[in-house]
Amino acid sequence: MAQQETDEQTQINDGFVVDTEDCEARELAHRERGTARPITVVGNPVLHKECKDVTAFDDELAALIDDMFASQKAAEGVGLAANQIGVDLKVFVYDCPDDEGVRHTGVVVNPVLQELPAERRVLDESNEGCLSVPTAYAELARPDYAEVHGQDAQGNPIKVRGTGYFARCLQHETDHLYGYLYIDRLSKRDRKDALRQMEEGTPRYETVPNA
């Protein structure tokens with residue numbers, strides 16, 4: 001337990017995690033305990049349905065989080081949802097910079113993306129990719145600010161917020177846990193093009209072949 005406690009994200013008074021401190025040490029601690037698993041790709045049923053809520057905040061969950069950090073690093077990703085390694089649970093990890101280059105590292109369990117009022121929705125049209133759609137990229141407009149509420153690995157309530165690229169990551173990973181890939185938000189034409197890119201490319205990491 002002591003080792004787990006050192007990995008916790010510290011919180012400030014309004015409930016938002018401080019996920020920018022000791023990022024390298026926290027990520028490495030998870031990764032060294034974990035084992036990298038192959039990545040599921042578009043077409044795998046686990047990616048196309050809402051995941052189950054986490055109800056047990058136990059050693060099994062802690063081990064899953066460690067494996068997720070190891071898998072994310074092996075695939076050179078900046079975020080990873082549990083169903084991307086075949087696990088039907090609402091958990092995602094991230095190790096992602098924002099537009100200012102500040103590194104954010106953490107985990108969110110049972111995330112819920114907060115709806116922004118219209119006056120705060122400023123769309124950012126940037127390229128987006130996904131470990132589960134390897135070698136493909138497409139431009140997708142998303143709000144440049146995101147706020148996710150959920151729980152940490154011990155079940156404590158937390159809030160995470162981000163801007164720019166990190167906001168895109170938070171939205172992308174939360175989407176995964178509700179059964180959506182970023183290509184599901186594209187036009188039919190752009191989705192078809194992304195799938196063509198995937199078919200023509202070769203992943204640089206191990207994937208799970210679809211049956």
Side-chain angles (χ1 to χ4, degrees), residues 27 30-31 33-96 105-113 128-138 140 142 146 148-153 155 160 168-186 188 190-211:
E27 189 273 340
H30 282 296
R31 183 158 45 91
R33 292 192 299 264
T35 301
R37 305 191 201 178
I39 304 296
T40 55
V41 296
V42 58
N44 189 307
V46 76
L47 293 173
H48 302 281
K49 63 176 184 175
E50 181 175 343
C51 292
K52 296 174 183 174
D53 289 343
V54 173
T55 56
F57 295 83
D58 53 14
D59 290 346
E60 191 172 330
L61 176 64
L64 170 63
I65 290 167
D66 291 341
D67 285 358
M68 290 174 67
F69 272 104
S71 303
Q72 173 179 255
K73 183 71 172 183
E76 300 178 14
V78 296
L80 187 76
N83 54 354
Q84 290 185 273
I85 56 169
V87 178
D88 182 15
L89 286 174
K90 283 183 183 160
V91 190
F92 75 77
V93 301
Y94 59 90
D95 187 17
C96 182
T105 303
V107 55
V108 186
V109 181
N110 299 328
V112 177
L113 185 67
E128 190 160 328
C130 179
L131 297 178
S132 292
V133 193
T135 73
Y137 295 89
L140 177 63
R142 289 192 189 264
V148 173
H149 295 188
Q151 293 164 282
D152 65 14
V160 182
R168 181 174 294 273
C169 176
L170 292 174
Q171 294 168 83
H172 180 112
E173 300 308 331
T174 302
D175 269 357
H176 267 305
L177 300 175
Y178 289 86
Y180 295 101
L181 297 169
Y182 86 97
I183 59 172
D184 297 329
R185 297 190 178 277
L186 300 175
K188 287 184 178 179
D190 289 345
R191 187 180 194 278
K192 186 176 180 180
D193 181 63
L195 292 173
R196 178 191 55 77
Q197 291 178 52
M198 174 181 159
E199 189 175 330
E200 293 176 354
T202 302
R204 63 184 182 273
Y205 43 85
E206 186 181 1
T207 60
V208 179
N210 291 331

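In summary, D88 and K49 engage in a salt bridge, as defined by a charged side-chain N under 4.0 Å from a carboxylate O. Ion pair K73/E27 not flagged as a salt bridge, since none of the NZ, NE, NH1 or NH2 atoms sits closer than 4.0 Å to an Asp/Glu carboxylate oxygen. Ion pairing between K90 and E50 holds under the 4.0 Å rule for side-chain N and carboxylate O. Between D184 and R191, at least one side-chain nitrogen of the basic residue sits less than 4.0 Å from a carboxylate oxygen of the acidic one, meeting the salt-bridge criterion.
A donor and an acceptor atom, one from each side chain of T135 and Q197, are nowhere located under 3.5 Å apart. Side-chain contact check for D175 and Q171: no donor-acceptor pair (N or O, by modelled atom type) lies under 3.5 Å.
For the pair C130 and Q84, the minimum side-chain heavy-atom distance is below 4.5 Å. Side-chain contact check for I85 versus S71: some heavy-atom pair is nearer than 4.5 Å. Looking at V148 and V112, their side chains never come closer than 4.5 Å, going by heavy atoms from C-beta outward. The closest side-chain heavy-atom distance from H30 to M68 is not below 4.5 Å. No side-chain heavy atom of L170 sits under 4.5 Å from any side-chain heavy atom of L113. With a 4.5 Å cut-off on side-chain heavy atoms, N110 and H149 do not count as touching. Looking at T105 and F69, their side chains come closer than 4.5 Å, going by heavy atoms from C-beta outward.
The side-chain contact (heavy atoms from CB on, under 4.5 Å) test with T207 is passed by exactly one of T40, V41, N44, L131: V41.
Between Y94 and F92, the ring-plane angle classifies as tilted under the 30° and 60° cut-offs.
Taken from CG in L195 to CG in L186, the straight-line distance is 9.0 Å, to the nearest 0.5 Å. Rounding to the nearest 0.5 Å gives a distance of 5.0 Å between NE2 of H176 and OG of S132.
Under a cut-off of 6.0 angstrom, the local environment of CD in E60 is sparse, with at most 12 non-hydrogen atoms contributed by other residues, nucleotides or ligands. More than 12 heavy atoms of other residues, nucleotides or ligands sit less than 6.0 Å from atom CZ of F57.
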Full working for salt bridge (Lys or Arg N to Asp or Glu O under 4.0 Å) between E128 and R185: CA-CA 11 Å; E128 190 160 328; R185 297 190 178 277; over 6 Å; no
